[in-house]
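To start, the structure itself, in structure tokens.
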Amino acid sequence: MTFRPPQSLSRFNAGSDVNVLEYELMAERADALGRHGLKVEKAIAAVTGFDRDRGRPEERQRLLDEAADAVWAFLIQREICGLRDSRDAVRRYGIPGEVMARLGIVRKR
């Protein structure tokens, strides 16, 4: 018995530049990058919306740490997708210097 793939997938044959597996992997990478981007937006909004007059300093530190973790994961995902230069992402998302200075720091929990 021989196996023949569905005709709907005929444009993704094994000899083409983009086969079905590569297409699925690219779609998953793009989806993951989008999810990480949303997490970064949410974390940066929490940091910028923090009221220094009313909030506790340790709460702000926690928000900065969470934002740094989200940005770190986002930048790693960008590199996985082949986007090596992070300067555009830093500008586009408005990532503060305080957050950038904390990237990659492992904190005790």
Side-chain angles (χ1 to χ4, degrees):
M1 175 180 206
T2 61
F3 171 74
R4 195 176 106 217
Q7 288 184 353
S8 63
L9 298 178
S10 64
R11 63 186 172 140
F12 299 110
N13 62 28
S16 71
D17 292 334
V18 180
N19 62 28
V20 177
L21 181 59
E22 286 293 323
Y23 180 81
E24 289 294 324
L25 289 172
M26 287 188 310
E28 287 298 320
R29 287 182 197 128
D31 185 52
L33 185 60
R35 286 192 313 269
H36 282 290
L38 291 174
K39 288 178 185 178
V40 168
E41 288 176 356
K42 184 177 176 183
I44 297 300
V47 168
T48 56
F50 182 78
D51 187 0
R52 290 183 186 213
D53 295 333
R54 295 185 188 176
R56 298 184 324 264
E58 59 272 6
E59 176 69 16
R60 185 166 195 290
Q61 296 303 314
R62 185 186 63 78
L63 291 174
L64 286 169
D65 290 342
E66 288 175 1
D69 290 344
V71 170
W72 182 248
F74 174 68
L75 294 179
I76 290 172
Q77 186 63 40
R78 279 179 53 90
E79 286 195 19
I80 290 170
C81 292
L83 304 168
R84 305 280 187 244
D85 189 6
S86 61
R87 290 176 293 190
D88 179 54
V90 171
R91 276 192 306 270
R92 185 173 305 235
Y93 285 90
I95 300 171
E98 275 183 295
V99 172
M100 292 299 292
R102 293 170 180 253
L103 293 186
I105 296 175
V106 178
R107 293 170 288 284
K108 292 183 180 179
R109 303 241 177 213

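Note on Ile76 and Leu83: same hydrophobic cluster, where clusters join Ile, Leu, Val, Met, Phe, Trp and Tyr whose side-chain heavy atoms are under 4.5 Å apart, directly or indirectly. At a threshold of 4.5 Å between side-chain heavy atoms, the hydrophobic network of Ile, Leu, Val, Met, Phe, Trp and Tyr places Leu38 and Leu63 in two separate groups.
Looking at Arg62 and Glu58, no side-chain N of the basic residue comes within less than 4.0 Å of a carboxylate O on the acidic one, giving no salt bridge.
Contact record, Phe74 with Ala89: CE2-CB, 3.8 Å, taken as the closest heavy-atom pair. Contact between Asp85 and Arg78 at its shortest, heavy atoms only, is O-NH2, 2.8 Å. When all heavy atoms of Tyr93 and Ile44 are compared, the closest pair comes out as O-CG2, 4.0 Å. The minimum heavy-atom distance between Arg56 and Phe50, with the atom names listed, is O-CZ, 3.4 Å. Scanning both residues, Ala43 and Ala70, for their nearest heavy atoms gives CB-CB, 4.2 Å. What you find for Val90 and Met100 is that their closest heavy atoms are CG2-CE, 3.7 Å.
Among Asp31, Leu33, Leu25, the one residue that satisfies the side-chain contact (heavy atoms from CB on, under 4.5 Å) test with Arg29 is Leu25.
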I'd like to know whether Gln61 forms a side-chain contact (heavy atoms from CB on, under 4.5 Å) with Arg102, so could you lay out the CA-CA distance, the side-chain angles of the two residues, the decisive distance to 0.1 Å, and finally the verdict. CA-CA 11 Å; Gln61 296 303 314; Arg102 293 170 180 253; 2.3 Å; yes

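The CD atom of Glu98 lies 4.0 Å from the CZ atom of Arg60; values are rounded to the nearest 0.5 Å. The line from CD1 of Ile105 to CG of Asp69 is 10.0 Å long, rounded to the nearest 0.5 Å.
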